[in-house]
Amino acid sequence: MVVPERTDALRTLHPLAWWCWAIGIGLAVNGTTNPLLLILVALSMVTVVMLRRSDSPWARSVRAYLVLAAFVIGMRLFFQLLLGGGRGETVLFTLPSVPLPAWAAGIQLGGVVTAEAIAYTVYDALRLAVMLLCIGAANALASPRQALRSVPAALYEASVAVVVALSVAPQLIESGQRIHRARRLRGDSSRGLRSLGRIALAVLADAIDRSMSLAAGMEARGFARTRGLHVRGALPLMLASVLSATTGGYLMLATDYRWLAAALMVAGVAGTGLGLRRAGARLAVTSYRPHPWQWRETLVAGCGVVAMLVVLGIGGLDPDQLGPALAAVLDPLAFFPSTNPLAWPQLNGWMLAVVALVLAPIPLTRTGLQRIPDAARTDVAVRSPRPRGRLAEAVR
Amino acid sequence: MTRLSWSLIVALAVGAVAFSWPLFLRPASGMPPQLAPTVFAVALVLVLAAVLAELSSGRMDVKTLAMLGVLAAVGTVLRPLSAGTAGLELIFFVIILAGRAFGPSFGFALGATTLLTSALITSGVGPWLPYQMLCAGFVGLFAGLLPRASGRAEIVLLAGYGVVSAFAYGWLMDFSFWPFAIGDGTQLSFDPAAPPLENLHRFALFNLATSMGWNLGRAVSNAVLIALFGPRLLAMFRRSARTARLGSTDARAIAAPAPE
Amino acid sequence: MITFEHVSITYPDARRPVLDDVSFEIAEGDLCLVIGATGSGKSTLLGAINGLVPHFTGGTLSGRVVVDGRDTARFRPRELADVVGYVGQDPLRGFVTDVVEDEIAYGMEQLGIAPAAMRKRVEETLDLMGIADLRSRPLVELSGGQQQRVAIAAVLAARPEVLVLDEPTSALDPTAAQDVLSAITTLVHEVALTVVLAEHRLERVMHAADTIAWITPAGTVDLGLPADVLARSTITPPLAALARELGWDRVPLSVREARRRVLADDIRPPVVAEPAPVHGEPVLVASGIDVRYGDLVAVRSVDLELRAGEVTTLLGRNGCGKSSLLWALQGALTHAGEVRVDGRDPAGLPAAQARRLVTLVPQTAADLLYAPSVGEECELADRESAAAPGTTAGLLRRLGVDVEPSRDPRDLSEGQRLALVLAIQLSAEPPVLLLDEPTRGLDYSAKADLTAIVRELAAAGMAVLISTHDVEFAAGVGRRTLLMADGELIAEGTTLDLLASSVAYAPQLAKVFAPSPVLTAADLAGVSR
């Protein structure tokens, strides 16, 4: 059976592939504090987003994440200056110091500021900022609507609720704007919480009515017709898996039984997957033009995984246990440049390979930008005497 | 019903562990603090998947589902409206009142879906999302479990709950992402080597200094909104629950044809 | 295909059944038109066909409804989804997804149809309804007519035998309504679907109907051939009014039929006297009104005058700028140009003062209502208008609506709700009243009531401007008409001149009697039989 591709699937990658790539890079970033590598990864990430994002509203989010990343660095620096204890010897300047009383944990505000402490904080904050940027890139590149189409059948109802919410939200905004405008016609010029509340109440009343017509429409079109097939054992399996994963997480954080912890977590994920599959059997809905997973998806996802393996694999090695020749080739310490004493960070070939993996989706995918011809836009019904706000646009 | 509460109890337990991970993290594990929330985020995704699959499996009729979707849309629309104003949070009063009117499992589902939809629209998907979903779910869940009351007493009860839940939400979210926010090496930083109480003390100070305003704003806006609009909204929800027979199973919603 | 056997439907808390011991049968392949006054149970009858009543709405159904051999007592609506396609009143409210293609596939996904078959059916359905070019468009961006066609396509994809449509054209302008109706008649003639259709504006569809089911005020159903049922029913579309005025026993179903009979009987309409022009002072003078939304020019340099005591109608297709012009005149919409009422420009005044000069009843009148009961709504309006307590409630009674003050405004009928909003707006005693599409969802008697109210207000010295695309209503309500297209006023004149000579906007009787200028059945009073 040939399932034809969705028209837009030809242009965009499966959202899970983008997420896999971005999470892989994020984990790789987590395994290094080398600022040069971090900055290169960040630049490459932004380049990929700029070249491969679609023109949909969520694609603009990367800017917000850049701001957030800058904010994280700024905040870390601020706390370091305010609260950071001395570290290192290269004193840059000294702030007036204010000791707080004992109940406040005997904290001392201000004091000596060293280059080592600043470098340490900036390296660490940069790592966090680039991780955030990876999440932002995934948000910008992966289409949430297409992701919702790939939800396991057991979560079908929940995904329907989200789909409904996504479709109804712009309509509610329009209804809110109409009601807001109509207030003037009644001479109501109240402002603030009361007027906001009036509008919110009217929108809510409208929403409740709307949910009834929607439910009638869904029912009349056969929603839940194939539901309620008998399924056994899904819930116990999922609960056991959840407990296994939690125990795994706990062990991973509190002890050094890393392998046991990892095994428990993997078992939890796999068990939940099985449970969901099993629970999904109660539903026989089909999916229209599902997003295909093709070699491009595998390659892009693979880039993320390989980048993670390279950084975590090499960075986790102990140079003393390697032979001098091997240590020179792999150079694990370069991933963690010393801040005390301060040393200039170095780039090596492995890092350039990681950067190449970050950039790899550019040749592997096609551009997601699609220009909608103007002709297709002119037929828009002027339903309201004022165009919808930016939010309405963003929601769509 | 027992199956339902079992899955929610497990969710509760796992959530409690996940949110308080900074108390467990030991240096011996070699786990960097910035990765720790992600570890539990994975566990929370599993919890959410299990609970939502269980909540929706045949228990949710089409009217409940439509109501869930539409109210999640309301929350999604209200959330960005409040983002500009410090501390003003417009989503929780809807979740609390709906949880109260339609019951704990609806409340949980509404909290979780609202945050998810909102994140999808505002591109806010990240390791924090499972925490937010679970936390907002609990806000709706416990609203549905509050003791009986009616009239003014009910509004006072719900407004009080609004204040408590606002702080609980803020503290839980801040606590689980505190090591993330401030980094290590400062005197208010999370220190894996320090005993849990010491860490709690540090967190309390950090939170007081940085997030008190937001939590307070959220609490005040919850209470004020519930006091102002609670009676009207509850009446609206209950009216629709009556006319729509919301939350009932499919079998009960059928009106039996009267005998001739 | 559809059989009702002794069906009675009673809603909870209702004193008497909506439908009372109804028995009828709709044959396969028929287009059956369901008519009845507002609130008479049209939607109930339609909902009973696929079991939404009572499975979904609650209430009690006695008797049997059988569709294609399936008894709705045993089959829930979702189990009838492949037999009955049901499209509700506002299609946008029933959409589950947000893109045309996905919406069409949605029903088939629920039925578990294999992806390959689904793909083929989506393409076929897109072509059948002529919406292939809309396939990847967001649903909210579509015009009303397009949305309606997508909604029909979405239920057709499941290949039902019966299509049930609840007022598919009530919110559409004549052109869009024609599009939708011709699509429906194609389905009847080419695909041999059985169609059950509720409609207020019979003049649009009655020529295509095979049968008409009239829900009588007593709750029974009178089903028969259109010409017969229309002769009996209290629902009078223009041609039925004509038949009644001329004493014909058979109602002509189309303009052509009526015209043939008029020619055959050699009926000469009396010369309609032009109503005397109103010589009142202009109350509202607007000059150079421009409204822009970004690049889009919605209204372009419009000049206009409204006189005291005169009713003016504003005609034009959907989206031609009628609403924008009205909002601009009220001052609620940013615009260029100047409006003068009583020497002041409402745009520059605070909201409470502006509405004492010009008041507007918007298209979705319910947007103005936010109190939980009619009584509170009236009290709120008294305070807003600084009127004596009880003013609004009194106005509401004068408009012919007498409801319990404790009723929720959302539960009122369309006509009652419009009257409530009108009463609220009139409580400010403005010299100028603007009505935007007031006839949406109103039946013939409600429209007649509205005409009487508007005339009475004008007689009391108010200047009234009504934007509408309901030409039959426009023909009866006012003396002066403005035509608008693409943001500009393109014609202005007496209603008689403009409508009788127009191709697109001529009311049915004008077409019957052309070239004699006749607009409504009232113009025929005293004609020789």
Side-chain angles (χ1 to χ4, degrees), chain A residues 30 58 61 76 79-80 83-85 104-105 107 120 124-125 128 135 139 144 154-155 157-158 160-162 164-166 168-169 172-173 197 201 204-205 207-208 210-212 214-215 218-219 223-224 227-228 235 238-239 241-242 245-246 249-250 252-256 268 272 276 279 391 395, chain B residues 3 7 10 14 17 21 24-26 28-32 34-36 39-40 42-43 46-47 49-50 52-54 56-58 60 62-63 65-70 72-74 76-77 80 113 116-117 120-121 123 125-126 182-183 185-188 201-202 205 228-229 232-233 236 240 244:
Chain A
N30 185 61
W58 59 82
S61 63
R76 285 278 181 95
F79 279 116
Q80 180 62 42
L83 298 167
I107 288 164
Y120 177 82
D124 195 52
L128 185 60
I135 294 170
N139 271 302
L155 293 173
E157 284 90 349
V160 166
V162 176
V164 166
L166 287 176
V168 169
L172 288 182
I173 291 173
L201 271 183
L204 263 162
I208 291 173
R210 205 177 270 276
S211 82
M212 287 301 112
L214 183 66
M218 287 165 73
E219 171 86 35
F223 178 78
R227 239 172 34 152
L235 184 66
M238 282 194 284
L239 290 188
S241 313
V242 161
T246 318
Y250 175 80
M252 197 170 271
L253 259 59
T255 65
D256 57 354
T272 309
L276 285 177
L391 186 62
V395 168
Chain B
R3 284 190 345 139
S7 63
V10 171
V14 174
V17 176
W21 67 263
F24 302 129
L25 184 60
R26 289 281 151 273
S29 68
M31 171 63 78
Q34 63 268 27
L35 260 194
V39 169
F40 273 109
V42 172
L46 303 186
V47 172
L52 288 178
E54 180 54 22
S56 56
S57 67
M60 240 180 227
V62 63
K63 285 176 186 167
L65 202 60
M67 180 66 83
L68 181 64
V70 167
V74 170
T76 308
V77 170
T113 23
L116 175 61
T117 316
L120 288 179
I121 282 182
S123 309
V125 183
I182 185 171
T186 79
Q187 300 160 66
L188 279 187
H201 189 189
R202 285 177 170 214
L205 289 175
L228 273 182
F229 307 118
R232 182 88 197 273
L233 257 181
M236 260 159 46
S240 83

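Letters go in sequence order (proteins before strands), and every chain restarts at 1.
Looking only at heavy-atom pairs under 4.5 Å with chain B, the residue among A:Leu276, A:Val160, A:Thr246, A:Thr272 that has the most is A:Thr246. Counting heavy-atom pairs closer than 4.5 Å to chain B, the top residue among A:Ile135, A:Asp256, A:Val164 is A:Ile135. With chain A as the partner, the residue from B:Leu46, B:Val17, B:Val14 showing the most heavy-atom pairs under 4.5 Å is B:Leu46. Of the listed residues A:Gly249, A:Ser241, A:Ala245, the one with more heavy-atom pairs under 4.5 angstrom with chain B than any other is A:Gly249.
A:Ala207 meets the side-chain contact (heavy atoms from CB on, under 4.5 Å) test with A:Leu172, B:Val70, B:Val74; sequence neighbours excluded. Taking B:Thr113 as the reference, A:Ala161, A:Val162, B:Leu68, B:Ala72 meet the side-chain contact (heavy atoms from CB on, under 4.5 Å) condition, with sequence neighbours excluded.
B:Ala50 approaches A:Val242 most closely through the heavy-atom pair CB-CG2, 4.2 Å. Shown here for B:Phe40 and A:Tyr250, the closest heavy-atom pair between the two residues is CZ-N, 3.7 Å. Looking at every heavy atom in both residues, A:Ala169 comes nearest to B:Ala73 through N-CB, 3.8 Å.
For a residue to count as touching a neighbouring chain, one of its non-hydrogen atoms must lie under 4.5 Å from one of that chain's; by this rule B:Leu116 touches chain A with the side chain only. Only the backbone of A:Thr255 has a heavy atom closer than 4.5 Å to any heavy atom of chain B. Heavy atoms of A:Ala154 lying under 4.5 Å from chain B belong to its backbone as well as its side chain.
The CZ atom of B:Arg232 lies 5.5 Å from the CG atom of A:Leu201; values are rounded to the nearest 0.5 Å. Atom CD in A:Glu157 sits 10.5 Å away from atom CG in B:Leu52 (nearest 0.5 Å). Rounding to the nearest 0.5 Å places NZ of B:Lys63 at 8.0 Å from CD of A:Glu219. Distance check: A:Leu214 CG to B:Met67 CE gives 11.0 Å after rounding to the nearest 0.5 Å. In this structure, the separation between CG on A:Leu166 and OG1 on B:Thr117 is 5.5 Å, given to the nearest 0.5 Å. Here the CZ atom belonging to B:Phe229 is positioned 10.5 Å from the CG atom belonging to A:Leu204, to the nearest 0.5 angstrom.
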